[in-house]
Amino acid sequence: MKIFDVSFTGEFIVKASGDQPEKVNSLNLSNFDLLSGRFPVTYFYFYPKQPQLSFETIVKSLQSSLSQTLSYFYPFAGQIVPNETSQEEPMIICNNNGALFVEARAHVDLKSLDFYNLDAFLQSKLVQVNPDFSLQIQATEFECGGLALTFTFDHALGDASSFGKFLTLWSEISRNKPVSCVPDHRRNLLRARSPPRYDPHLDKTFIKCSEEDIKNIPMSKTLIKRLYHIGASSLDALQALATVNGESRTKIEAFSAYVWKKMVDSIESGHKTCKMGWLVDGRGRLETVTSSYIGNVLSIAVGEASIENLKKNHVSDIANIVHKSITEVTNDTHFTDLIDWIESHRPGLMLARVVLGQEGPALVLSSGRRFPVAELDFGFGAPFLGTVCSTVEKIGVGYLNQRPSACNDGSWSVSAIVWPELATALESDSVFQPMSAKHLQLQT
């Protein structure tokens, strides 16, 4: 596989189109936004060559439709700055500072890329992070005429559901389709009760921290970033394995149980237990927010098991622990309590203890089964790959992020931020297949 060079050929600032007299000048972050960690998140999409369209035509079209999209998502064209009343908490200034749009050319064909090694994509190749912009886009043309689009968001703007709605609306505007979602920017919907009250168990899961704490998370191991293909037949087999006595388990629960059992092989002796976490969306669970709410509404479910039990127990037993752990947080009471817990610890930022690396070996799984992949057509065809990762260098936990494959055959792409021993453990059989041009049907 070639190490590829990228030439940066242009930078443009794209502002929201039209007058916005009804738009607010600033947005205070909600309690859930304060729990986001401010980690940058990048979505990668790769498109085959379109013979009838030049790269210049595509870029101009994207910039025009982005400008229209930002008029709906006006906070995304703003800047994130310290709050005037509390320097510990950021706020969004809706000043139409704009989004940064970078043009680039990669001196390689798409089929020669090492899709498995996400580190190569992230290291100033397909993603650059400019702190002056909370939304950045890079369009990269390849020698074969194919195209990569990367979208990098500050997590204070929202969560995966928010970013998925933004990208979907942008693609709809690009194709002159009616918009399917009018975004709801009312971050004051997530108010705490007065006085705040919460289950004290939340103290064991979450902790108050500063931006400096987040930037300087102690790292016991170097993390590597990888991309895997999980075949539909493997997922069906895992689900069958996790289903015992008629007790059905979802593919995510079955996959989690398998991964958790594998994780044991990567953990140094001396640890008696290890944890797994699952990001859970509060939309549809928290009565106060709409499905079109833009911002963060994420909590985390955390399960713990002994190394000994994970080694000896059947996948179905571990899937029961997964199911129980997730079920405990998928309700209005948990999310309402968490809003109050954060309120009681303000001002400042908060984070799950596992993410700060305070809980020993841990792995967090994020499911993106509703995130647009094949649907993300900006007027020049569907992508052959859509995935997600982060430029973050210090994080106290491993991460797996699942997406449906662009070919819609039931397979998944899974991006991973993991320690090397865990990558080795995951790759020890045929379930986790290093992503390749062959999986993406790019081989000629």
Over 60° means perpendicular and under 30° means parallel, so tell me whether [X] and [Y] are parallel, tilted or perpendicular.
X: F163; Y: F153; answer: parallel
X: F432; Y: F255; answer: parallel
X: F4; Y: F142; answer: tilted

Hey, could you give me the [atom1]/[atom2] distance between [X] and [Y], rounded to the nearest 0.5 Å?
X: L135; Y: Q79; atom1: CG; atom2: CD; answer: 12.5 Å
X: S234; Y: Y258; atom1: OG; atom2: OH; answer: 8.0 Å
X: D154; Y: S134; atom1: CG; atom2: OG; answer: 6.5 Å
X: L365; Y: W278; atom1: CG; atom2: CH2; answer: 8.0 Å
X: L356; Y: M350; atom1: CG; atom2: CE; answer: 12.0 Å
X: E253; Y: I318; atom1: CD; atom2: CD1; answer: 13.5 Å

What is the minimum heavy-atom distance between [X] and [Y], and which atoms define it?
X: G37; Y: I214; result: O-CG2, 3.6 Å
X: T243; Y: Q239; result: OG1-O, 2.8 Å
X: T391; Y: P40; result: OG1-CG, 3.2 Å
X: S325; Y: G303; result: OG-CA, 3.4 Å
X: E375; Y: R175; result: O-NH2, 4.1 Å
X: F384; Y: L440; result: O-CD2, 3.6 Å

Counting distance only, does the side-chain N/O of [X] pair as donor-acceptor with the main-chain N or O of [Y] below 3.5 Å?
X: N31; Y: I339; answer: yes
X: H271; Y: C274; answer: no
X: D377; Y: G381; answer: yes
X: D114; Y: Y116; answer: yes
X: N296; Y: L298; answer: no
X: D332; Y: E287; answer: yes
X: T150; Y: L126; answer: yes
X: S61; Y: T57; answer: no
X: E172; Y: S180; answer: yes
X: D317; Y: N309; answer: no

Compare all side-chain heavy atoms of [X] with those of [Y] and state whether any distance is below 4.5 angstrom.
X: N320; Y: R249; answer: yes
X: K394; Y: K215; answer: no
X: L110; Y: C144; answer: yes
X: T140; Y: L147; answer: no
X: L202; Y: H334; answer: yes
X: F8; Y: E103; answer: no
X: D5; Y: K125; answer: yes
X: I294; Y: D184; answer: no

- Take S36 and D33, measure what side-chain hydrogen bond (donor to acceptor under 3.5 Å, both in side chains) needs, and give me the verdict at the end. CA-CA 5 Å; S36 71; D33 295 328; over 6 Å; no
- Task: Take T327 and T330, measure what side-chain hydrogen bond (donor to acceptor under 3.5 Å, both in side chains) needs, and give me the verdict at the end.
- Result: CA-CA 5 Å; T327 303; T330 51; 5.0 Å; no
Could you check whether atom [atom1] of [X] has more than 12 heavy atoms from other residues, nucleotides or ligands sitting under 6.0 Å from it?
X: K177; atom1: NZ; result: no
X: R369; atom1: CZ; result: no
X: Q52; atom1: CD; result: yes

Quick one: do [X] and [Y] make a salt bridge, cutoff under 4.0 Å?
X: E328; Y: K324; value: yes
X: D281; Y: R370; value: no
X: E141; Y: R105; value: yes
X: K221; Y: E421; value: yes
X: D265; Y: K311; value: no

Does a side chain donor of either [X] or [Y] reach within less than 3.5 Å of an acceptor in the other side chain?
X: R283; Y: S162; value: yes
X: S161; Y: D159; value: no
X: S65; Y: W170; value: yes
X: W419; Y: S266; value: yes

- Test F44 against F151 for ring pair (Phe, Tyr, Trp, His ring centres under 6.0 Å), laying out the working first. CA-CA 7 Å; F44 297 81; F151 313 93; 9.7 Å; no
- Centroid separation H185 to Y74 less than 6.0 Å: yes
- Message: For F121 and F46, I'd like to know if the aromatic rings sit close, meaning centre-to-centre distance below 6.0 Å.
- Response: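 Centroid distance F121-F46: below 6.0 Å, so yes.
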- Message: Checking ring-ring contact (aromatic ring centres under 6.0 Å, His included) between F166 and each of Y43, F76, Y72, which is the one that passes?
- Response: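 Among Y43, F76, Y72, the one meeting ring-ring contact (aromatic ring centres under 6.0 Å, His included) with F166 is F76.
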- Message: Do R285 and F335 form a cation-pi contact, if we require the NZ or CZ to be under 6.0 Å from the six-membered ring centre and within 45 degrees of the ring's axis?
- Response: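 No - R285 does not lie over the ring of F335 by the 6.0 Å and 45° rule.
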- Given the rule in the side-chain hydrogen bond (donor to acceptor under 3.5 Å, both in side chains) test, do K262 and S428 qualify, once you have shown the distances and angles that lead to the verdict? CA-CA 9 Å; K262 280 281 180 190; S428 64; 2.7 Å; yes
- Message: side chain to side chain contact (heavy atoms under 4.5 Å, CB included) for R403 and N401? Distances and angles first, verdict last.
- Response: CA-CA 7 Å; R403 291 282 180 275; N401 216 305; 3.0 Å; yes
- Message: Consider side-chain contact (heavy atoms from CB on, under 4.5 Å). Of I417, N117, V418, which one does I224 pass it with?
- Response: V418
- Query: Taking it one step at a time, do Q402 and S367 satisfy side-chain hydrogen bond (donor to acceptor under 3.5 Å, both in side chains)?
  - Reply: CA-CA 5 Å; Q402 171 266 343; S367 167; 3.1 Å; yes
- Determine, step by step, whether Y47 and F380 satisfy the ring pair (Phe, Tyr, Trp, His ring centres under 6.0 Å) criterion, reporting the C-alpha distance in whole Å, the side-chain angles of both residues, the deciding distance to 0.1 Å, and the verdict. CA-CA 8 Å; Y47 296 82; F380 46 86; 5.1 Å; yes
